[in-house]
Peer 1: 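Input: one structure, supplied below.
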Protein chains: 2
Amino acid sequence: MFFLKDLPTPAMTSKYARFFAPVEPEQIVGVLADLRRASLTIRRLEAYFRENDFSLLRFLILIIIDREPEKEALQFSEIVEKVDVSKPVVTRTIKSLLEDDLLMLRCEGSDKRMKMYALSKEGRSRLESLFPGYFKLLGDAAEGESS
Amino acid sequence: MFFLKDLPTPAMTSKYARFFAPVEPEQIVGVLADLRRASLTIRRLEAYFRENDFSLLRFLILIIIDREPEKEALQFSEIVEKVDVSKPVVTRTIKSLLEDDLLMLRCEGSDKRMKMYALSKEGRSRLESLFPGYFKLLGDAAEGESS
DNA sequence: CCCATTTAGTTATCATGATAACTAATGGAG
DNA sequence: CTCCATTAGTTATCATGATAACTAAATGGG
């Protein structure tokens, strides 16, 4: 998250310009504005999921499994690859999803180390119940961007 | 941070389109791309400061004090307002900056609750030593955006 | 002037990200 | 077949964000 509330004023950027020349001040300010805008959107998403006793990461893991075209179960390491988060965090989050019966462990395959996870019925309906608010926030962000 | 590595394919968005209509799929995908891009930039910034035994928040607090035109010391609550982070986190971070002698406490004023903080000489030079890498990353992000 | 309320900042505790080091299963060289 | 290196996932611990509840100082109505 990028926490600077106020973007630098022109007076400030000119004070620091010697550090970033030849990049134009407007470019620097533009990037800062983008970082700030994205951080606020992410914050709103996190608040939305928290209000619904969920988390962005839990949601992303469910959607990643759901959106796969052919497979109906995904391997742990595939999930780790698609969600750009460290393995221990995925382990912990999947554990909580299992405890809530939103995911099911599928121990098929010859390799006894591998773990496959599929959405449960509750998992899928929970996911769908979260879609409207999620896409609403993304839509709002899209609007805010053009304005 | 937004962790989804792969943006949804057209096949995926059409699967979910009923949840976000009438917003156009390209808009949703566009916002997701922006969130992802910003998250990666923030990650690079955090990695940069970590490599330099610093943190993005520590840096932002220093720059906020430095960039104020007239005042050479800022009040705790002013810092909290400008950096969009909770008070306890600011307390903790300022404490670490004091321990490293990068900030100085200025207990002036009649209100004995108030605390004012100013950059020390080391604080200012530390800040300046971090500028080039910081603005380099912002410049890179600006380039990546236009491409 | 006194007590209740407000304001400034801190402490305690939790949530969720990371890295390092671990266990258990696999697989390939000899 | 045996043993060592590799791969899959977990455990332990830390870093840094949050909220709630706290202490101490200021303020204002009676």
Side-chain angles (χ1 to χ4, degrees), chain A residues 1-5 35 39-40 42-61 73-100 103 105-117, chain B residues 1-5 35 39-40 42-61 73-100 103 105-117:
Chain A
M1 301 285 282
F2 190 79
F3 299 108
L4 212 44
K5 237 183 212 165
L35 293 181
S39 292
L40 289 176
I42 292 169
R43 227 179 224 192
R44 278 184 214 111
L45 287 170
E46 287 173 343
Y48 167 68
F49 288 111
R50 199 166 333 115
E51 282 158 20
N52 288 276
D53 293 308
F54 224 65
S55 80
L56 181 52
L57 181 57
R58 279 161 65 96
F59 175 79
L60 291 179
I61 288 177
L74 273 194
Q75 197 189 329
F76 176 87
S77 56
E78 291 179 285
I79 297 173
V80 170
E81 270 166 40
K82 287 171 194 301
V83 127
D84 189 13
V85 151
S86 64
K87 287 188 297 175
V89 172
V90 176
T91 296
R92 185 209 286 155
T93 308
I94 284 183
K95 186 181 285 186
S96 85
L97 291 167
L98 285 171
E99 279 164 7
D100 291 354
L103 281 188
L105 175 60
R106 287 281 173 77
C107 267
E108 45 208 31
S110 55
D111 190 330
K112 282 170 195 162
R113 294 168 306 177
M114 278 180 31
K115 300 194 170 179
M116 309 280 292
Y117 296 99
Chain B
M1 302 286 280
F2 191 78
F3 299 108
L4 212 44
K5 237 182 213 164
L35 293 180
S39 292
L40 290 176
I42 291 169
R43 230 179 222 191
R44 278 183 215 112
L45 288 170
E46 287 173 342
Y48 167 68
F49 288 110
R50 199 168 330 117
E51 282 158 20
N52 287 276
D53 292 309
F54 223 65
S55 79
L56 180 51
L57 182 56
R58 278 160 68 95
F59 175 79
L60 292 179
I61 288 177
L74 273 193
Q75 196 189 329
F76 175 86
S77 57
E78 291 180 285
I79 298 173
V80 170
E81 269 166 40
K82 288 171 194 302
V83 124
D84 190 13
V85 151
S86 65
K87 287 188 297 175
V89 172
V90 175
T91 294
R92 186 208 286 154
T93 308
I94 284 183
K95 186 180 284 186
S96 85
L97 290 168
L98 286 172
E99 279 164 6
D100 291 356
L103 281 188
L105 176 60
R106 288 278 173 79
C107 266
E108 46 207 33
S110 55
D111 191 329
K112 283 172 193 158
R113 293 168 306 179
M114 278 181 30
K115 300 195 170 176
M116 308 280 293
Y117 296 99

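Any value given below was found using the heavy atoms of this structure, including those in side chains, with hydrogens, waters and symmetry copies removed. A, B, ... follow the sequence lines: proteins, then strands. Residue 1 opens every chain.
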Peer 1: Can you check side-chain contact (heavy atoms from CB on, under 4.5 Å) on B:Val83 and B:Val89, steps first, answer last?
Peer 2: CA-CA 10 Å; B:Val83 124; B:Val89 172; over 6 Å; no

Peer 1: Please enumerate all residues that pass salt bridge (charged side-chain N to carboxylate O under 4.0 Å, His left out) together with A:Arg106, with sequence neighbours excluded.
Peer 2: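 By the salt bridge (charged side-chain N to carboxylate O under 4.0 Å, His left out) rule, A:Arg106 matches A:Glu72.
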
Peer 1: A:Arg43: which residues meet the salt bridge (charged side-chain N to carboxylate O under 4.0 Å, His left out) condition with it, sequence neighbours left out?
Peer 2: B:Asp84

Peer 1: Contacts to DNA chain D from residues 80-89 of chain A, heavy-atom cutoff under 4.0 Å, which residues?
Peer 2: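 Contacts with DNA chain D under 4.0 Å: A:Lys87, A:Pro88.
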
Peer 1: Check nucleotides 24-26 of chain C for protein N or O atoms closer than 3.5 Å to its own N or O atoms and list the pairs.
Peer 2:
{"unit_1": "C:dA25", "atom_1": "N3", "unit_2": "A:Arg113", "atom_2": "NH1", "d": "3.2"}
{"unit_1": "C:dT26", "atom_1": "OP1", "unit_2": "A:Ser110", "atom_2": "O", "d": "3.1"}
{"unit_1": "C:dT26", "atom_1": "OP1", "unit_2": "A:Lys112", "atom_2": "N", "d": "2.9"}

Peer 1: So which pairs with a foot in residues 85-100 of chain A pass salt bridge (charged side-chain N to carboxylate O under 4.0 Å, His left out), sequence neighbours left out?
Peer 2: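 Checked against salt bridge (charged side-chain N to carboxylate O under 4.0 Å, His left out) - neighbours excluded - the pairs reaching residues 85-100 of chain A are A:Arg58-A:Asp100.
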
Peer 1: Is there a side-chain contact (heavy atoms from CB on, under 4.5 Å) between B:Val90 and B:Leu57? Walk through the geometry before answering.
Peer 2: CA-CA 9 Å; B:Val90 175; B:Leu57 182 56; 5.7 Å; no

Peer 1: Of all nucleotides in DNA chain D with an atom under 4.0 Å from a non-hydrogen atom of chain A, which is the first and which the last going 5' to 3'?
Peer 2: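 Using the under 4.0 Å cut-off, the span is D:dT7 to D:dA18.
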
Peer 1: Who passes side chain to side chain contact (heavy atoms under 4.5 Å, CB included) against A:Arg113, sequence neighbours left out?
Peer 2: A:Asp111

Peer 1: My understanding is that only residues two or more places apart in sequence, or in another chain, count here; which of them pass ring-ring contact (aromatic ring centres under 6.0 Å, His included) with A:Phe54?
Peer 2: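 Partners of A:Phe54 under the ring-ring contact (aromatic ring centres under 6.0 Å, His included) test: none.
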
Peer 1: Test side-chain contact (heavy atoms from CB on, under 4.5 Å) on A:Ile61 and A:Phe59 and set out the steps.
Peer 2: CA-CA 5 Å; A:Ile61 288 177; A:Phe59 175 79; over 6 Å; no

Peer 1: Quick one: list whatever passes side chain to side chain contact (heavy atoms under 4.5 Å, CB included) with B:Lys82, sequence neighbours left out.
Peer 2: A:Asp6, B:Ile64, B:Glu68, B:Leu74

Peer 1: Using the rule given for side-chain contact (heavy atoms from CB on, under 4.5 Å), can you reason through B:Tyr117 versus B:Leu98, listing the C-alpha separation, both sets of side-chain angles and the distance that settles it, and then say yes or no?
Peer 2: CA-CA 9 Å; B:Tyr117 296 99; B:Leu98 286 172; 3.9 Å; yes

Peer 1: Spell out, as yes or no, whether a donor-acceptor pair under 3.5 Å connects the side chain of A:Lys115 to the backbone of A:Cys107.
Peer 2: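 Judged by distance alone, no pair lies under 3.5 Å.
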
Peer 1: For A:Arg43, which contact category applies under a 4.0 Å heavy-atom criterion: base, sugar-phosphate, or nothing?
Peer 2: sugar-phosphate

Peer 1: For nucleotides 2-5 of chain C, print each protein N/O atom paired with a nucleotide N/O atom at under 3.5 Å, atom names and distance only.
Peer 2:
none

Peer 1: Separation of B:Tyr117 atom OH from C:dA8 atom C1', in whole Å?
Peer 2: 11 Å

Peer 1: On DNA chain D, does the nearest nucleotide to A:Phe76 precede the nearest nucleotide to B:Thr93 from the 5' side, or the other way round? Give the residue.
Peer 2: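 The 5'-side residue here is A:Phe76.
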
Peer 1: Quick one: side chain to side chain contact (heavy atoms under 4.5 Å, CB included) partners of B:Gln75, sequence neighbours excluded?
Peer 2: B:Ser77, B:Glu78, B:Met114, B:Met116

Peer 1: Listed by chain and number, what are the ring-ring contact (aromatic ring centres under 6.0 Å, His included) partners of B:Phe76, not counting sequence neighbours?
Peer 2: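 If we apply the ring-ring contact (aromatic ring centres under 6.0 Å, His included) test to B:Phe76, skipping adjacent residues, there are no hits.
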
